[in-house]
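Everything on this sheet refers to the single structure shown next.
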Amino acid sequence: MLYMTRMDVTFPPHLSAEDIAVFQAREKEYSGNLQREGRIQGIWRIVGEYANHALFDVETNDELHEVLSGFPMYPYMKVKVTPLAKHPNSIR
Ligand SMILES: O=C(O)C[C@H]1C=CC(=O)O1
């Protein structure tokens, strides 16, 4: 099942630049693993925002929730999920 997500990241002001760098490194590793596994099909930066759109391919809502809540930055993310169905005009 395909899901388009939007993740907005807001770090609390008490986190230092070093704390944030650690989160970013952990996030890169976690996200890279999901991309290598094919559970993230693509991820794009939303221009001008600390936010992304990502296309997930997972089996169930529960799996998506597990994957999303495993992101190291999850406590600092607002996530919007859009489930995708086949468009009747799609040629693929
Ligand atoms: O930098 C971001 O957009 C936050 C984060 C969420 C997933 C990911 O790979 O990075």
Side-chain angles (χ1 to χ4, degrees):
M1 293 165 62
L2 294 174
Y3 300 87
M4 184 60 75
T5 62
R6 176 179 172 131
M7 300 179 231
D8 288 78
V9 180
T10 308
F11 288 116
H14 71 264
L15 285 186
S16 67
E18 291 76 20
D19 292 334
I20 290 172
V22 169
F23 273 111
Q24 288 169 329
R26 291 174 57 211
E27 195 83 353
K28 186 170 186 172
E29 184 182 1
Y30 185 78
S31 176
N33 288 337
L34 291 169
Q35 290 171 63
R36 281 183 283 276
E37 292 167 6
R39 293 201 283 176
I40 293 180
Q41 292 282 313
I43 183 165
W44 296 266
R45 176 65 72 216
I46 298 173
V47 175
E49 301 184 45
Y50 197 170
N52 69 73
H53 279 299
L55 180 64
F56 284 83
D57 187 359
V58 293
E59 295 297 319
T60 63
N61 291 346
D62 288 341
E63 182 182 351
L64 181 63
H65 186 75
E66 186 186 315
V67 164
L68 289 172
S69 56
F71 274 100
M73 290 183 186
Y74 184 71
Y76 309 120
M77 290 189 327
K78 192 172 115 252
V79 185
K80 184 173 185 308
V81 175
T82 305
L84 301 175
K86 188 170 173 59
H87 193 286
N89 297 344
S90 173
I91 61 166
R92 285 182 208 95

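Note: hydrogens, waters and symmetry copies are ignored here, and every other heavy atom, side chains too, is used. Note that the numbering runs from 1 along the sequence shown for the chain. Numbering of ligands and ligand atoms starts at 1, following listing order.
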closest protein heavy atom to atom 10 (O) of ligand 1 is E27 CG, 3.5 Å

Q) Aromatic rings Y76 and F23: how do their planes relate, parallel, tilted or perpendicular, breaks at 30° and 60°? A) perpendicular

Per-atom filter on ligand 1: closer than 4.0 angstrom to a heavy atom of Y50 are 1 (O), 2 (C)

M7 heavy atoms within 4.0 Å reach ligand 1 at atoms 6 (C)

In short, L68 meets Y74 closest at the heavy-atom pair O-CD1, 3.1 Å

Q. Are E49 and R6 within salt-bridge range, i.e. N to O under 4.0 Å?
A. yes

Does Y30 come within less than 4.0 Å of ligand 1, judged by its heavy atoms?
no

In this structure, CD1 of I20 is separated from CG of L15 (nearest 0.5 Å) by 5.5 Å

Near V9 (heavy-atom distance under 4.0 Å), the atoms of ligand 1 are 4 (C)

Minimal heavy-atom distance between Y30 and V67, with the atoms involved, is OH-O, 2.7 Å

Minimum side-chain heavy-atom gap M7-M73 below 4.5 Å: no

Under 4.0 Å from one or more heavy atoms of N52, ligand 1 contributes atoms 2 (C), 3 (O), 4 (C), 5 (C), 6 (C), 7 (C)

Looking only at protein heavy atoms, what sits closest to atom 9 (O) of ligand 1 is S31 OG, 2.8 Å

The protein heavy atom nearest to atom 2 (C) of ligand 1 is R45 NH1, 3.4 Å

Exercise. Tell me whether M1 is reachable from L64 by hopping between hydrophobic residues (I, L, V, M, F, W, Y) whose side-chain heavy atoms are closer than 4.5 Å.
Key: yes

Within 4.0 Å of some non-hydrogen atom of I43, the atoms of ligand 1 are 7 (C), 8 (C), 9 (O)

